[in-house]
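Read through the structure below, which is laid out as structure tokens, and then see the notes.
Values reported hereafter were calculated over all heavy atoms of this structure, with side chains retained and with hydrogens, waters and symmetry mates removed. Keep in mind the model is a prediction, meaning the values are calculated, not measured. Order of the sequence lines fixes the chain letters, A, B, ..., with proteins taken first and strands second; residue numbering starts at 1 for each chain.
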2 protein chains.
Amino acid sequence: MANTFRQFLSAIAPISDEEYSDTMSFFSERALKKGDFFVEQDKVCRHIGFILKGTLRTYYINEKAEEITSCFCTENNLATSYKSFILQEPSNLIVQAVEDTKLLVIDYQSLQELYSRSAVWQTIGRAVAEREYIVMEQYASVLNNETAKEKYLRLLKEQPSVLQVVKIEDIASYLGVTRRTLSRIRKDLNN
Amino acid sequence: MANTFRQFLSAIAPISDEEYSDTMSFFSERALKKGDFFVEQDKVCRHIGFILKGTLRTYYINEKAEEITSCFCTENNLATSYKSFILQEPSNLIVQAVEDTKLLVIDYQSLQELYSRSAVWQTIGRAVAEREYIVMEQYASVLNNETAKEKYLRLLKEQPSVLQVVKIEDIASYLGVTRRTLSRIRKDLNN
DNA sequence: TGAATTTTGGGACATTTGTCCTTTCAGGCC
DNA sequence: GGCCTGAAAGGACAAATGTCCCAAAATTCA
């Protein structure tokens, strides 16, 4: 079951069987039903989750009370409100399951415990932060440089499954345009 | 001279006098003249620099051969092409001094050496990555949610000195609009 | 210093995107 | 099945932004 997680870790730092089974006692499985929240608004995010199955959407509410989607999280990736988790402060981001989802989760205290116990986990912790940075840099570069149409095509290519489970409105806010503009883009692409 | 750097580190992790002077032997000072490159395009970024004095601009060249500015780096902050540095792969970002600049730099090998020597530096390394992540997340959220005018006002408030040293064109690309639109925004703000 | 070059501001028009709205379609529920 | 509700597509007009341009201002360098 947790094999994909082992692969995920091994891609970051070599980890022995012993270290792996030791650390796995810090993790637990968690199931979410469609619509359940993994991180709630204004609550401190206490967990990082590795997505075994399912899809989550990360969004925030702007001052016009609109939901702005910032991320779709899919299988074999991490889900968290990372800033809230790092700083252990209330989250302005909301993370919600858009379909039934299974996660492997670890809480903040346990992760700190792992960091202090093991150099391997220090390395993993840094590598995860670096990796999240790179993902975010890529996201920002795309936001800044690509048109909504290009962004849509990229989503279609990189996370096609997302289109099947989320609402058009959420994709529009993810692309930084209105529903109306996304409608025009989609019409355009069907010639 | 390097006092501000000591403060920068202390804000991340407690560091003793001994640890500080030990590790300082890994750093060296570097001066850049206006227009000099700190990171060149398609070369591996081998250094992280702490800006003692001056300003740098981070940008890339898009497929229309336009310079797109992604970051202005000011005093008491870090400058690097972080992704290239982490992965030690060629940088698509260019980092250039927009005025005479002094940095405290460390190269990749030395930093790895510090990581392996000292738990404090493991923690600093992770904290820096986390911090860079948070900055980037904030940047992406701003890009996605604020209008060009709001972004301009934010820049004015958070990095007013930048306006004195960089070209309008670079600010426009940083805001994600054309020079023409930034001109309209500025006219608007002067009533 | 003065000529050449670069940078900036803004006019005129074209294009894109947003706003507001109506219609159609699909799924859930009695 | 028929009704209700929410999601999606797209028409019509308004607003924002881009493109192309030129003239004025600032800067650079011989």
Side-chain angles (χ1 to χ4, degrees), chain A residues 33-36 55 57 59 61-69 72 96-100 142-156 160-191, chain B residues 32-36 54-55 57 59 61-69 72 96-100 142-156 160-191:
Chain A
K33 289 224 167 289
K34 176 178 175 173
D36 284 357
T55 309
R57 177 172 74 98
Y59 64 98
I61 314 284
N62 70 8
E63 65 297 331
K64 293 174 207 139
E66 298 161 335
E67 294 185 0
I68 309 293
T69 299
F72 298 111
Q96 186 179 23
V98 296
E99 59 182 339
D100 292 358
V142 162
L143 276 181
N144 210 20
N145 195 37
E146 293 190 358
T147 64
K149 190 189 211 166
E150 289 166 334
K151 285 185 244 177
Y152 180 72
L153 289 172
R154 176 187 291 275
L155 182 65
L156 219 62
S161 69
V162 166
L163 274 286
Q164 311 307 315
V165 287
V166 308
K167 287 183 291 183
I168 287 289
E169 174 124 37
D170 296 335
I171 293 173
S173 81
Y174 177 73
L175 301 177
V177 295
T178 58
R179 211 153 32 103
R180 187 67 190 82
T181 298
L182 179 53
S183 163
R184 281 192 264 248
I185 290 168
R186 283 157 64 92
K187 189 181 180 184
D188 232 52
L189 293 174
N190 296 333
N191 309 5
Chain B
L32 296 175
K33 290 224 166 290
K34 176 176 177 176
D36 284 357
T55 308
R57 177 172 74 99
Y59 63 98
I61 313 283
N62 70 10
E63 65 298 329
K64 293 173 208 139
E66 299 160 335
E67 294 184 1
I68 308 294
T69 299
F72 298 113
Q96 185 180 23
V98 296
E99 60 181 341
D100 291 359
V142 162
L143 276 180
N144 210 18
N145 195 37
E146 293 189 358
T147 64
K149 191 188 210 167
E150 289 166 334
K151 284 184 246 178
Y152 180 72
L153 289 171
R154 176 187 291 275
L155 182 65
L156 220 61
S161 68
V162 166
L163 274 287
Q164 311 308 314
V165 286
V166 307
K167 287 182 291 183
I168 287 289
E169 174 124 38
D170 296 336
I171 293 173
S173 82
Y174 178 72
L175 301 176
V177 296
T178 57
R179 209 154 36 100
R180 187 68 190 80
T181 298
L182 179 53
S183 163
R184 281 192 266 248
I185 289 168
R186 282 157 65 93
K187 190 181 180 185
D188 230 51
L189 292 174
N190 298 333
N191 311 4

| query | Could you state the CG-C1' distance from A/Leu175 to C/dG18, rounded to the nearest angstrom? | reply | 15 Å
| request: To the nearest Å, give me how far apart CG (A/Asp188) and C1' (C/dT17) are. | output: 13 Å
| With a non-hydrogen cut-off below 4.0 angstrom, is B/Lys34 in contact with a base, only sugar-phosphate, or nothing? | sugar-phosphate
| field | Expected output: side-chain B/Ser173 to main-chain B/Thr69 donor-acceptor under 3.5 Å | value | yes
| Is A/Glu146 salt-bridged to A/Lys151, going by a charged N under 4.0 Å from an acidic O? | no
| said: Can you tell me which nucleotide in C/dG18, C/dT8, D/dA9 comes closest to the side chain of A/Arg184? | reply: C/dG18
| Minimum heavy-atom distance B/Gln96-B/Gly35, with the two atoms named | NE2-O, 3.0 Å
| Considering heavy-atom distances to DNA chain C, does A/Lys64 or B/Glu169 have its closest nucleotide positioned more toward the 5' end? | B/Glu169
| request: Look at the side chain of B/Arg179 against the base of D/dG18 and say whether a donor-acceptor pair falls under 3.5 Å; ignore hydrogens and angles. | output: no
| query | Taking only side-chain nitrogens and oxygens of B/Ser183, does any of them come within less than 4.0 Å of OP1 or OP2 of C/dT8? | reply | no
| task | Could you tell me the separation between the CD1 atom of A/Ile185 and the C1' atom of D/dA8, rounded to a whole number of Å? | result | 15 Å
| query | When you match B/Leu182 and A/Arg180 each to their closest nucleotide on DNA chain D, which lands nearer the 5' end? | reply | A/Arg180
| note | To the nearest angstrom, the NZ-C1' distance between A/Lys167 and D/dA9 comes to 16 Å
| task | Please state how far atom NZ in B/Lys149 lies from atom C1' in D/dT17, giving the value in whole angstrom units. | result | 14 Å
| Salt bridge or not for A/Glu99 and A/Lys34, using N-O below 4.0 Å? | no
| Quick one: is B/Thr178 getting a side-chain N or O under 4.0 Å of the D/dG18 phosphate, OP1 or OP2? | yes
| Below 4.0 angstrom from OP1 or OP2 of C/dG9, is there any side-chain N or O of B/Arg186? | yes
| Length of the CG-P vector between A/Asp170 and D/dG6, whole Å | 16 Å
| query | Where the side chain of B/Glu67 meets the backbone of B/Ile61, is there a donor-acceptor pair that is under 3.5 Å apart? | reply | no
| task | Round to a whole Å and report the spacing from OH of A/Tyr152 to P of C/dT17. | result | 15 Å
| query | Rounding to a whole Å, what distance do you find between A/Glu67:CD and D/dA7:P? | reply | 10 Å
